[in-house]
Amino acid sequence: GLVLEHLADSRPDELVVDPASAPLDGTGPATAPLVHAYEGHPVTQGLPASFDLQEELYLAPYWEEDVVPLIRSDFAFVEENFFSPYQVVVNGKMFSREGWRHRPGSNMVAWAKHYGNTPIVYIQPGDGPTSYANPHYRTLLANAITWVASDEAKQWARDRNAGKAV
């Protein structure tokens, strides 16, 4: 299995995002969103129903019908709360929206999917020390690693790959 964090973006239509797509997405300031964990999945086991996590968020298109949502944020994933990474990288303009437009995005910040017969968990947080200092984030990460390596997760991915409802 595979666990991806932060910029190692695992979108449902690709295993890893092509960096050339970055100008379409948005980066947000480090914030402290309240996140809400879904119950009943091994990756969220032992997490409180909600907890605060200071983290840099991303406004990007995710296809929710192709993944199993694990954690959502109460942060508003709308253009006004994000900035153009293109302006930062190409023009050195931090916190600029100049010439940048983006439709609202999903508030999912962690999900599970498969790629072939491989179980994958993507966790958008993981940018730095504040995430790793949070005991709930460490539980989430440990659970994700344990789950993708499990026989249960491997069977889940095989079943999804075969088109079986899971």
Side-chain angles (χ1 to χ4, degrees), residues 1-22 24-75 77 82 85 104-166:
L2 184 63
V3 175
L4 301 166
E5 291 179 278
H6 201 58
L7 286 176
D9 193 356
S10 172
R11 297 192 194 180
D13 61 332
E14 310 171 1
L15 182 57
V16 178
V17 165
D18 177 352
S21 71
L24 302 176
D25 299 339
T27 185
T31 185
L34 181 65
V35 294
H36 306 279
Y38 282 72
E39 291 183 27
H41 195 281
V43 173
T44 59
Q45 184 176 8
L47 292 175
S50 61
F51 57 94
D52 290 323
L53 184 62
Q54 183 175 347
E55 186 56 59
E56 178 185 30
L57 299 173
Y58 290 96
L59 178 63
Y62 300 118
W63 293 266
E64 294 197 25
E65 63 275 4
D66 295 330
V67 301
V68 175
L70 299 174
I71 297 182
R72 292 188 181 274
S73 172
D74 68 350
F75 190 77
F77 286 75
F82 292 85
S106 172
N107 67 343
M108 284 189 307
V109 294
W111 60 85
K113 64 173 274 186
H114 75 286
Y115 187 79
N117 289 328
T118 303
I120 298 170
V121 170
Y122 172 68
I123 305 170
Q124 192 180 91
D127 184 45
T130 57
S131 290
Y132 295 103
N134 185 310
H136 303 309
Y137 183 79
R138 292 193 310 269
T139 297
L140 173 66
L141 186 57
N143 287 352
I145 293 167
T146 300
W147 182 72
V148 299
S150 72
D151 290 339
E152 174 192 357
K154 292 172 188 170
Q155 186 60 53
W156 174 85
R158 284 192 295 271
D159 289 347
R160 285 179 63 102
N161 193 38
K164 297 178 185 176
V166 181

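Numbering of residues begins at 1 and proceeds along the displayed sequence.
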Engineer: May I ask you to decide if the ring planes of Tyr137 and Tyr132 are parallel, tilted or perpendicular, using 30° and 60° as cut-offs?
Structural biologist: perpendicular
Engineer: Can you see which heavy atom on Ala157 is nearest to which on Pro119, and at what distance?
Structural biologist: CB-N, 3.6 Å
Engineer: Judged by atom type as modelled, is there a donor-acceptor pair below 3.5 Å linking the side chain of Thr139 to the main-chain atoms of Pro135?
Structural biologist: yes
Engineer: Evaluate side-chain contact (heavy atoms from CB on, under 4.5 Å) for Asn117 paired with Lys154, printing each intermediate quantity in order.
Structural biologist: CA-CA 7 Å; Asn117 289 328; Lys154 292 172 188 170; over 6 Å; no
Engineer: Can you name the nearest heavy-atom pair linking Asp74 to His36, along with the distance?
Structural biologist: CB-NE2, 3.8 Å
Engineer: Might you point out which heavy atoms bring His41 and Leu70 nearest each other, and give the distance in Å?
Structural biologist: CG-CD2, 3.5 Å
Engineer: Whether the Asp151 and Gln155 side chains hold a donor-acceptor pair (N or O, under 3.5 Å, no angle test) is what I'd like checked.
Structural biologist: no
Engineer: Taking side chain as C-beta onward, heavy atoms only, is Leu53 less than 4.5 Å from His136?
Structural biologist: no
Engineer: Side-chain contact, heavy-atom cut-off 4.5 Å: Trp156 with Asn161?
Structural biologist: no
Engineer: Just verifying a value: how many Å separate Leu57 CG and Gln124 CD, rounded to the nearest 0.5 Å?
Structural biologist: 5.5 Å
Engineer: Please step through side-chain contact (heavy atoms from CB on, under 4.5 Å) for the pair Val109 and Phe77, ending with a clear verdict.
Structural biologist: CA-CA 11 Å; Val109 294; Phe77 286 75; 4.1 Å; yes
Engineer: Going by the side-chain contact (heavy atoms from CB on, under 4.5 Å) test, name the single residue among Val43, Ile145, Ile120, Asn143 that passes it with Val3.
Structural biologist: Ile145
Engineer: If you look at every heavy atom in Gly126 and Glu5, which pair is closest and at what distance?
Structural biologist: CA-OE2, 3.9 Å
Engineer: Between Arg160 (side chain only) and Lys113 (backbone N and O only), is there a donor and an acceptor less than 3.5 Å apart?
Structural biologist: no
Engineer: Is a side-chain donor-acceptor pair under 3.5 Å present for Asn107 with Arg72?
Structural biologist: yes
Engineer: In terms of the angle between their ring planes, are Tyr122 and Trp111 parallel, tilted or perpendicular, with boundaries placed at 30° and 60°?
Structural biologist: tilted
Engineer: Test your reading of the model: is there a side-chain donor-acceptor pair from Ser131 to the backbone of Pro125, 3.5 Å cut-off?
Structural biologist: no
Engineer: Find the distance between CD1 (Ile123) and CD1 (Ile71) and round it off to the nearest 0.5 Å.
Structural biologist: 7.0 Å
Engineer: Do Tyr58 and His6 have ring centroids that are under 6.0 Å from one another?
Structural biologist: yes
Engineer: Are any side-chain N or O atoms of Ser150 and backbone N or O atoms of Trp147, one a donor and one an acceptor, separated by less than 3.5 Å?
Structural biologist: yes
Engineer: Using a 3.5 Å distance criterion without hydrogens, assess whether the side chain of Glu55 forms a donor-acceptor pair with backbone atoms of Asp127.
Structural biologist: yes
Engineer: Nearest 0.5 Å please: distance from the CG atom of Leu140 over to the OG1 atom of Thr44.
Structural biologist: 8.5 Å
